[in-house]
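Values reported hereafter were calculated over all heavy atoms of this structure, with side chains retained and with hydrogens, waters and symmetry mates removed. Position 1 is the first residue of the sequence; numbering continues from there.
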Amino acid sequence: MKNFKFSSLLLAPLFAVLAACGGGGGGSSTPSVPVLKSITVTAANSTMPIGTSQTLTATGTYSDNSTKALNTASGVVWTFKGTGAVASIFSSGVVTAKAVGSDTFTATQDGISGSVTLSVIAPWTNVVAGGLQTIARKADGNLYSWGSNIRGQLGDSTSLDRNTPVLVSGGSTIWKQVAVGEQFVVALRTDGTIWSWGFNQNGRLGDGTTVDHATPAKIGKDTDWAFVAAGKGHAFAIKTSGALYAWGRNFNGQLGDTTTIDRLVPTKIGTTLWQTVAAGDTHSLGIQKDTQNLYGWGGNGSGQVGNGGLVDISAPAKLGSSTWSSVSAGSLHSVAIRADGSLYAWGNNASGQLGNNGSANVSAPVQIGVANNWAVVSAGTAHTMAVTRDGQLWGWGSNAESQLGNGGPDTPTPVQIGTATTWISVSSGAAHSFGLRSDNSLWGWGRNAEGQLGNGSNAQQPVPVSIPN
């Protein structure tokens with residue numbers, strides 16, 4: 001047998017390998033695995049309108065201070081505290097809102113948990129009461145309508161009255177603002193386009209014709225519109241620049257273009273830039289963009305223009321030197337809130353709709369009460385509704401069809417409607433009213449013969465009733 005002699009040169013690499021592996025010295029050790037210590041659950045939005053969904057995120061923090069997103073693959077399990085009536089959650093962490101309320105959602109993995117509480121609100125974000133119909137927008141961008149539809153003003157491609165909300169045709173989910181006239185609608189989309197539908201007498205739809213249509217149709221090709229307003233038979237739109245355009249009936253100079261000629265398409269009104277505009281039966285009001293001064297024009301037989309006279313005027317006339325924050329035009333009366341929060345009214349007062357404890361017409365703005373905390377005001381045919389900065393709802397004027405919402409008689413001074421302090425907006429129609437509360441729930445009251453309250457019946461409602469979601 002041949003003998004082999006090991007050289008120390010051959011042994012050196014072997015010892016190096018053993019040393020690297022821990023050989024040649026004591027025992028071996030295994031690196032510790034980081035342990036999950038806490039879970040944080042986050043949501044993009046803490047409030048969710050009914051019918052919407054969002055995905056919750058669970059993030060784990062480990063013993064080595066590292067973090068990692070947790071999911072079904074890692075073993076996370078989602079649960080909720082309540083019954084599931086308010087919202088449901090899937091294994092993926094997707095929450096779907098189902099009813100107004102709140103619930104707590106918990107992610108659990110390896111015996112560690114983290115939670116987040118979400119509030120579910122009603123889906124309504126805006127409402128406008130027109131003559132005998134109502135239109136409202138949901139948080140998902142869709143428009144819904146109900147009430148009289150004799151001229152296709154509900155926009156659902158029919159002429160059938162509806163006493164529950166129906167989706168406005170066209171499938172758009174980018175509606176931004178809507179204005180409702182007597183039997184027609186003008187609406188603004190987030191892409192800066194304006195659309196109209198319903199009755200088209202006098203060219204009030206602005207499409208160059210006098211033909212009615214029962215579904216939304218785009219007015220022109222411009223994409224820089226920022227605001228719309230609608231009266232009995234005329235309409236306005238303001239561009240992002242503040243330029244004012246008008247169309248429709250102009251018998252009393254309500255378009256403000258110095259003529260009494262109807263316009264079938266949007267027609268620019270002067271060179272003044274405007275912040276907002278309001279349209280009544282035959283008169284119009286606007287607040288200038290640069291000065292916040294108030295102007296009036298059009299039919300003035302009851303003093304509704306507010307310039308101290310009773311003669312129609314066909315171009316905007318400045319009303320004093322005060323600065324104003326908002327304005328609303330009723331059928332034959334006007335109301336506005338000054339920059340200091342005080343409330344003023346003028347025009348027809350046969351039913352006490354001015355709120356000054358009288359019944360005589362007034363041809364120039366007169367202050368209503370002494371309060372200076374008014375936030376929103378809306379003039380109807382013969383009544384007025386308003387919301388204060390602390391969320392109270394008030395009404396005055398005619399209550400012949402319960403449009404004030406307090407179940408009482410006509411009143412010539414503001415009266416509080418109920419005790420809720422969560423109102424954020426209100427809109428007055430011909431003889432019905434609608435309000436929106438801070439939880440995005442929608443409430444209507446007054447005349448309902450045409451289904452304009454949207455609650456599934458045609459019975460008049462003397463006090464606010466909630467509208468189904």
Side-chain angles (χ1 to χ4, degrees), residues 229 231-232 252-254 256 276-288 292-388 394-400 403-404 409-415 426-431 433:
K232 182 176 182 178
N252 301 91
Q254 56 262 53
T276 191
V277 65
D281 273 13
T282 64
H283 76 295
S284 306
L285 301 159
I287 298 175
Q288 280 196 358
Q292 280 73 57
N293 290 150
L294 182 62
Y295 286 71
W297 60 97
N300 200 23
S302 296
Q304 63 265 45
V305 167
N307 66 339
L310 297 175
V311 178
D312 296 356
I313 56 175
S314 59
K318 186 177 178 182
L319 308 181
S321 58
S322 297
T323 55
W324 303 81
S325 61
S326 67
V327 64
S328 178
S331 289
L332 298 172
H333 75 292
S334 307
V335 287
I337 300 174
R338 274 199 336 195
D340 62 4
S342 56
L343 179 66
Y344 287 74
W346 58 99
N348 190 281
N349 199 24
S351 299
Q353 59 262 52
L354 299 189
N356 66 341
N357 200 28
S359 58
N361 294 351
V362 176
S363 61
V366 58
Q367 186 172 358
I368 307 306
V370 296
N372 62 354
N373 66 334
W374 298 102
V376 179
V377 67
S378 178
T381 294
H383 76 294
T384 306
M385 304 296 304
V387 175
T388 59
W394 294 73
W396 56 95
S398 174
N399 203 22
Q403 59 263 53
L404 296 186
D410 295 359
T411 175
T413 57
V415 293
V426 69
S427 180
S428 302
S433 306

Enquirer: Closest approach of A329 and H283, non-hydrogen atoms and distance?
Expert: CB-NE2, 3.7 Å
Enquirer: Is a side-chain donor or acceptor of S284 paired with a backbone partner of Q254 at a separation under 3.5 angstrom?
Expert: yes
Enquirer: Nearest 0.5 Å, what's the CG-CG distance between L332 and N348?
Expert: 5.0 Å
Enquirer: Check the pair W324, Q292 against side chain to side chain contact (heavy atoms under 4.5 Å, CB included), reporting the backbone distance first and the verdict last.
Expert: CA-CA 6 Å; W324 303 81; Q292 280 73 57; 5.7 Å; no
Enquirer: What heavy-atom pair brings Q304 and W346 nearest, and what distance separates the two atoms?
Expert: O-NE1, 2.9 Å
Enquirer: Between CG of N356 and OH of Y344, what distance do you get to the nearest 0.5 Å?
Expert: 13.0 Å
Enquirer: For S363 and G309, which heavy atoms make the closest approach, and how far apart are they?
Expert: CB-O, 3.8 Å
Enquirer: How long is the straight-line distance from NE2 of H383 back to OG of S331, given to the nearest 0.5 Å?
Expert: 10.0 Å
Enquirer: Within a strict 4.5 Å, meaning less than it, do heavy atoms of the I313 and W297 side chains meet?
Expert: yes
Enquirer: So which atom in D312 and which in G299 form the shortest heavy-atom distance, rounded to 0.1 Å?
Expert: OD1-CA, 3.3 Å
Enquirer: Hey, does N357 have a side-chain heavy atom less than 4.5 Å from the side chain of P412?
Expert: yes
Enquirer: side-chain hydrogen bond (donor to acceptor under 3.5 Å, both in side chains) with T384: which of Q353, H333, Q403?
Expert: H333
Enquirer: Which heavy atom of I337 sits nearest a heavy atom of W374, and at what distance?
Expert: CG2-O, 3.7 Å
Enquirer: For residues M385 and L404, determine if any side-chain heavy atom of one lies less than 4.5 Å from a side-chain heavy atom of the other.
Expert: yes
Enquirer: With rounding to the nearest 0.5 angstrom, report the CD1 to CG distance, I287 to L319.
Expert: 10.5 Å
Enquirer: From S398 OG over to D410 CG, what is the distance, rounded to the nearest 0.5 angstrom?
Expert: 4.5 Å
Enquirer: Compare all side-chain heavy atoms of R338 with those of P365 and state whether any distance is below 4.5 angstrom.
Expert: no
Enquirer: So does S322 get a backbone contact from the side chain of N293, meaning a donor-acceptor N/O pair under 3.5 Å?
Expert: yes
Enquirer: Work out which heavy atom in N349 is nearest to a heavy atom in L354; give both atom names and the distance.
Expert: OD1-N, 2.9 Å
Enquirer: Test side chain to side chain contact (heavy atoms under 4.5 Å, CB included) on W396 and T411 and set out the steps.
Expert: CA-CA 5 Å; W396 56 95; T411 175; 4.2 Å; yes
Enquirer: To the nearest 0.5 Å, how far apart are CG in N300 and OG1 in T282?
Expert: 8.5 Å
Enquirer: Closer than 3.5 angstrom, by distance alone: can the side chain of S351 be matched with the main-chain N or O of G397 as a donor-acceptor pair?
Expert: no
